[in-house]
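One is the number of the first residue; the rest follow in order along the sequence. Below, all heavy atoms of this structure are taken into account, side chains as well, without hydrogens, waters or symmetry copies. Treat the numbers as computed from the prediction; the structure is a model and nothing was measured.
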Amino acid sequence: VSHVMSAMLRSVDDAAAVLTLDATFQHHHALAQQQRAERAGQGITMGINALSAGIREGVTGVLASPISGAMDSGASGFAKGLGRGLIGAVAKPLSGAAACASKMTEGIANEARRAANSKTQWQPLRVRQPRVIGPNGVILPYPRAPPLAG
């Protein structure tokens, strides 16, 4: 179930990254997606990093995109850059939030899979021995023996 959730969130993350219209962000996003979270703690760390990068890039893109557009094409470039910056201000944090959730669920899923495939099988120990019913239907007292395992 966790792997399915992680894959769905990764799809949302990929779609939001494409909506940013920022080739540099998409390149960094693709590099970050190639790293796998093997443990839950690693997934949390990677997720928080992706979220903070998405927010940071979204905020700086609102300022940087119009300026770079104006440098390239004047007033029309400024308008295009402003549009890209505003779209990125929404899409980049959304991509970061989806990547955060995806990496966290990926790490948790891998940790759970590792625990399920562990060679050590833990069996609960009995707290007390079961009651013994004698031949005449009377419950016999507990024997003075250590508890049984399993």
Side-chain angles (χ1 to χ4, degrees), residues 1-69 71-72 77 80-134 137 139-150:
V1 174
S2 294
H3 287 292
V4 172
M5 182 64 84
S6 179
M8 288 173 32
L9 291 167
R10 193 174 315 118
S11 296
V12 171
D13 177 25
D14 290 340
V18 169
L19 288 176
T20 63
L21 306 173
D22 185 353
T24 305
F25 181 81
Q26 291 172 0
H27 175 73
H28 290 293
H29 171 264
L31 292 177
Q33 281 293 346
Q34 291 176 358
Q35 298 174 347
R36 296 288 173 224
E38 296 298 324
R39 301 263 185 206
Q42 185 181 14
I44 291 169
T45 302
M46 291 171 74
I48 291 171
N49 289 342
L51 178 61
S52 63
I55 293 170
R56 182 181 63 248
E57 291 291 323
V59 170
T60 58
V62 171
L63 302 173
S65 294
I67 293 170
S68 66
M71 289 177 161
D72 292 339
K80 287 179 186 177
L82 184 62
R84 286 181 184 220
L86 291 175
I87 290 171
V90 174
K92 290 175 183 178
L94 177 64
S95 175
C100 178
S102 173
K103 289 300 180 184
M104 286 181 177
T105 56
E106 180 181 318
I108 291 168
N110 287 337
E111 189 85 29
R113 183 178 41 104
R114 182 176 286 108
N117 293 338
S118 162
K119 299 294 181 196
T120 306
Q121 296 294 326
W122 298 98
Q123 296 180 358
L125 298 177
R126 286 188 180 265
V127 175
R128 65 179 188 190
Q129 295 177 351
R131 291 284 189 162
V132 179
I133 301 177
I139 297 177
L140 300 174
Y142 283 114
R144 297 287 181 195
L148 301 174

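Judged purely by atom type and a 3.5 angstrom limit, S68 uses its side chain to pair as donor or acceptor with the backbone of S65. Remark: the backbone N or O of E38 is paired with a side-chain donor or acceptor of R114 at under 3.5 angstrom. Side-chain atoms of T60 come within 3.5 Å of backbone N or O of R56 as a donor-acceptor pair. No donor-acceptor pair closer than 3.5 Å links the side chain of T20 to the backbone N or O of A16. Between the Q42 side chain and the A37 main chain, no donor and acceptor come within less than 3.5 Å of each other. Panel note: side chain S52, backbone I48; a donor-acceptor pair is recorded below 3.5 Å. Formation of a donor-acceptor pair under 3.5 Å by the Q26 side chain with backbone atoms of V18 is found in this model. E57 places no side-chain N or O within 3.5 Å of a backbone atom of K92 that could act as its donor or acceptor partner.
The heavy-atom pair separating R36 from Q33 by the smallest distance is NH1-O, 3.3 Å. For the pair C100 and G47, the tightest heavy-atom approach, listed with the atom from each and the gap, is CB-O, 3.2 Å. The two atoms that bring I87 and L19 nearest to each other are CG2-O, 3.2 Å, heavy atoms only.
Distance check: H27 NE2 to H29 NE2 gives 12.5 Å after rounding to the nearest 0.5 Å. Of the inter-residue distances, the one linking I67 atom CD1 with L82 atom CG reads 11.0 Å to the nearest 0.5 angstrom. Note that the CG atom of L94 and the CD1 atom of I55 stand 11.0 Å from one another [nearest 0.5 Å]. Atom CD1 of I108 is separated from atom CZ of R113 by 14.0 Å, given to the nearest 0.5 angstrom. How far NZ of K103 is from CG of L51: 14.0 Å, rounded to the nearest 0.5 Å. We find the CZ-NZ distance between R84 and K80 to be 8.0 Å, quoted to the nearest 0.5 Å.
The neighbour count for I133 CD1, taken as heavy atoms of other residues, nucleotides or ligands under 6.0 Å away, does not exceed 12.
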> Given the rule in the side chain to side chain contact (heavy atoms under 4.5 Å, CB included) test, do E106 and M46 qualify, once you have shown the distances and angles that lead to the verdict?
Replying inline: CA-CA 10 Å; E106 180 181 318; M46 291 171 74; 5.9 Å; no

>> Between D14 and R10, does the side chain to side chain contact (heavy atoms under 4.5 Å, CB included) criterion hold? Intermediate values first, please.
In response: CA-CA 6 Å; D14 290 340; R10 193 174 315 118; 4.1 Å; yes

